[in-house]
Enquirer: 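My structure is below; once you've seen it, I'll send some questions.
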Amino acid sequence: PRNSIERIYNIGAIIFGLLMFSSFLSTMTSSMTHLTKRNYQKRQQRELLVGFMSDRSLTLRLKKDVFNFLARPKTKTKRILLEKDVEVLRTLPEGLMEKLHIEVHSGVLEQHGLFGHLLFQEPTMIHKLCHHAMLERALWTGEELFRFGAQCSYMYF
C-alpha cells in the first residue's frame with residue numbers, strides 16, 4: 001500500500017476476510033456439534049434398546065429382526081402428503097372440509113364393488129362416510145399393515 005486509500009482498502013479486506021473465516025468456522029463447529037449430539041443420542045437409544053431386550057430375555061431371532069428393521073437403509077423417497085401433515089387444512093370450515101374429503105376419498109371407495117354401487121344409489125351416505133369415517137395412512141417400507149392372527153378393526157383400501 002502506497003497511500004492511505006490503499007491502506008484503508010487492505011485493512012477493510014483483511015477485516016472482511018476475518019469475518020468470513022470466523023463465520024465459516026462457526027458454521028463448521030455448529031455442524032460438528034450437531035452430528036456429535038445426534039450420534040450420541042443414537043448410541044444412547046441403542047444401549048437402552050439392548051438393555052430392554054436383555055432385561056426381558058427376548059429370543060435371539062426377535063432381537064435380530066428388531067435390529068435389522070432399525071438398521072434398514074432410510075431411503076429418501078418422498079412420502080405422500082397426508083391431510084394431517086398440512087396444518088392449514090385444520091382452519092377450513094366444516095363444509096369445505098366435507099367437500100375436500102368427498103373428493104379425496106370417493107375415488108378410492110368407487111373402486112370397491114359395494115361402495116362403487118352405493119356411490120350411485122346412495123351418494124349422501126357415501127359422502128358422510130368419506131367425511132366422518134375415512135382416514136389416510138401411509139406406511140414406511142417394511143412396516144406391517146396386517147399380521148397373521150390379529151383381529152381386524154379397520155378396513156383398508
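Just so it is clear, the structure is predicted and the values come from calculations on it, not from any experiment.
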Enquirer: Is the number of heavy atoms from other residues, nucleotides or ligands under 6.0 Å of Y156 OH greater than 12?
Expert: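 Counting other residues, nucleotides and ligands, OH of Y156 exceeds 12 neighbours.
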Enquirer: Which value, rounded to the nearest 0.5 Å, describes the distance between R38 atom CZ and L35 atom CG?
Expert: 6.0 Å
Enquirer: Begin from the C-alpha positions of E110 and F120 and carry the test side-chain contact (heavy atoms from CB on, under 4.5 Å) through to its verdict.
Expert: CA-CA 9 Å; E110 188 175 12; F120 296 105; 3.8 Å; yes
Enquirer: Should we count NZ of K63 as having more than 12 external heavy atoms under 6.0 Å?
Expert: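 Yes, because the 6.0 Å sphere around NZ of K63 holds more than 12 heavy atoms from other groups.
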Enquirer: Among H105, E98, K99, H101, which residue satisfies the side chain to side chain donor-acceptor pair (under 3.5 Å) criterion with H131?
Expert: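 So the option named by the test is H101.
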Enquirer: Would you check if the side chain of S26 reaches a backbone N or O of S22 as a donor-acceptor pair within less than 3.5 Å?
Expert: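 Such a contact is absent between S26 side chain and S22 backbone.
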Enquirer: So does L19 get a backbone contact from the side chain of S23, meaning a donor-acceptor N/O pair under 3.5 Å?
Expert: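 No; judged by distance alone, with no hydrogens or angles, the pair does not exist.
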Enquirer: Drop me the distance from S54's OG to E47's CD, to the nearest 0.5 angstrom.
Expert: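 Interatomic distance, S54 OG to E47 CD, rounded to 0.5 Å: 11.5 Å.
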Enquirer: Is there a side-chain contact (heavy atoms from CB on, under 4.5 Å) between I11 and I8? Walk through the geometry before answering.
Expert: CA-CA 5 Å; I11 291 171; I8 292 172; 5.7 Å; no
Enquirer: Backbone N or O of E136 within a donor-acceptor pair of the E83 side chain at under 3.5 Å?
Expert: no
Enquirer: Applying side-chain contact (heavy atoms from CB on, under 4.5 Å), run through L129 and L118 and close with a yes or a no.
Expert: CA-CA 11 Å; L129 185 68; L118 286 175; over 6 Å; no
Enquirer: Under 3.5 Å, is there a donor-acceptor pair between the side chain of R137 and the main chain of L82?
Expert: no
Enquirer: Which is it for K128 and T124 under the side-chain contact (heavy atoms from CB on, under 4.5 Å) test, yes or no, and what are the steps along the way?
Expert: CA-CA 6 Å; K128 287 181 180 179; T124 305; 4.2 Å; yes
